[in-house]
Amino acid sequence: MNETTTENSILLLIALIAAILSAPTSSAEIKGPTDGIHEGTADFDLSESINSTANSIALAENNGSTIHNGTGSMNGGADGEFNGTVYRLGELVTEVTVPVNASRLNLTLPEKVDNITLYDEAGRMVKINSSHSFWQGNFIYSLDFERHVEGRLVYNLTSQGQQFVISIRDKGSVRVILPEGYTTGDRLLGIAWPPPDMIASAEKKSALTWYNTTKVSYIEVNYYRDNALEALMIIISILALAAIALLVEYYFSIRKLRSLRMEKEEESMKKN
């Protein structure tokens, strides 16, 4: 490769990097509420109402559902608007609320839990007799209640960082509420799979809902801070600017060396 070709290549690289930096960037965020995966009717109360502003998009073929526009209220149980298990993700623990309408319940969990609490419709605690066994990597809990209860079962799981994965055993509705200040939906930073049926958000919280999980074996949500994409773009811009500076310096170094060589050649020709 001669020097002219090298200079042209450097100029082309500088132009391409400058074009990338000046190009507008966009990302699609997926925000929505999630329902539960256990049997029963939920008596789940969430204090805030959530106004959904998500755009309608087609979901994957194996899910066959749609994200809806509109205003979504996340007050389950009393209003009968939502029946299903709710996962409230936190930095250290994930709070799980399971709808109950029975006198006993079996739970299959990925870890051992010691904080299972049952509440009836009035919010009163109900005594539980529990036993558990370990089978194929899961803890299987048998819960017997002192009476038939229509209410909610609450327990905590260990958080999995900025990733949430749950196996779907009971084909019910599932809702996942992300921590405050977090979101999901950018393919570079993290998405929810399968795509949720509904997206809602309020007060810096995002909620994802799957109403039909009959064809779903697991749900995975990778999430990130709201400003993560902007921070990533800033880092990329800084790296690109540094690359431009190095290319410019290299370009002028080549020109200087070429000028010196031409001067020496001219001096040599004069001596001859």
Side-chain angles (χ1 to χ4, degrees), residues 25-38 42 44-60 63 65-77 79 81-99 152 154 156-168 172-213 216 218-233:
T25 58
S26 62
S27 64
E29 292 186 352
I30 294 182
K31 298 179 180 179
T34 359
D35 305 352
I37 60 173
H38 296 279
F44 165 64
D45 295 322
L46 186 62
S47 58
E48 65 263 29
S49 293
I50 291 187
N51 294 324
S52 170
T53 56
N55 294 324
S56 296
I57 61 173
L59 299 182
N63 197 27
S65 51
T66 305
I67 295 177
H68 302 284
N69 289 323
T71 301
S73 174
M74 291 181 59
N75 296 324
D79 298 331
E81 295 181 3
F82 175 76
N83 294 321
T85 302
V86 178
Y87 296 87
R88 293 185 182 87
L89 309 186
E91 294 184 1
L92 299 179
V93 297
T94 295
E95 182 184 278
V96 186
T97 302
V98 182
R152 54 194 174 95
V154 180
N156 292 335
L157 296 175
T158 304
S159 291
Q160 307 167 17
Q162 291 181 210
Q163 180 186 52
F164 175 75
V165 181
I166 192 71
S167 297
I168 304 300
S173 301
V174 178
R175 171 170 289 164
V176 176
I177 302 174
L178 302 184
E180 182 175 339
Y182 285 83
T183 187
T184 186
D186 186 272
R187 292 191 174 276
L188 182 62
L189 298 175
I191 62 172
W193 184 260
D197 299 323
M198 178 177 165
I199 295 171
S201 63
E203 298 180 2
K204 297 183 180 179
K205 286 187 177 181
S206 299
L208 294 76
T209 300
W210 290 262
Y211 289 112
N212 184 4
T213 60
V216 177
Y218 73 95
I219 288 175
E220 178 178 356
V221 181
N222 295 283
Y223 54 99
Y224 48 89
R225 290 195 176 273
D226 290 334
N227 61 350
L229 184 59
E230 289 78 4
L232 179 62
M233 294 309 301

Here the gap from T94 atom OG1 to I166 atom CD1, rounded to the nearest 0.5 Å, amounts to 9.0 Å
CD1 of I219 to CD1 of I168, rounded to nearest 0.5 Å, is 4.0 Å
(request) Keeping the roles fixed (side chain from Y224, backbone from D186), state whether a donor-acceptor pair exists under 3.5 Å. (result) yes
Value for CG (N222) from CD1 (I191), rounded to nearest 0.5 Å, stands at 7.5 Å
All heavy atoms of D226 vs all of Y182, minimum pair found to be OD1-C, 3.4 Å
Between E220 and Q163 the two heavy atoms that sit nearest each other are OE2-NE2, 2.9 Å
* Are the side chain of T85 and the backbone N or O of V98 linked by a donor-acceptor pair below 3.5 Å? -> no
Those residues at least two apart in sequence (or on a different chain) that pass side chain to side chain contact (heavy atoms under 4.5 Å, CB included) with Q160 are F164, V165
Tightest non-hydrogen contact, residues T97 and R88, listed as OG1-NH1, 3.3 Å
Nearest heavy-atom contact between P179 and L89 is CG-O, 3.3 Å
Any sub-3.5 Å donor-acceptor pair from D197's side-chain atoms to Y211's backbone N or O? yes
* **Heavy-atom check, side chain of N83 versus side chain of P99, under 4.5 Å** => no
Shortest non-hydrogen pair, W210 vs V221, comes out as CH2-CG2, 3.9 Å
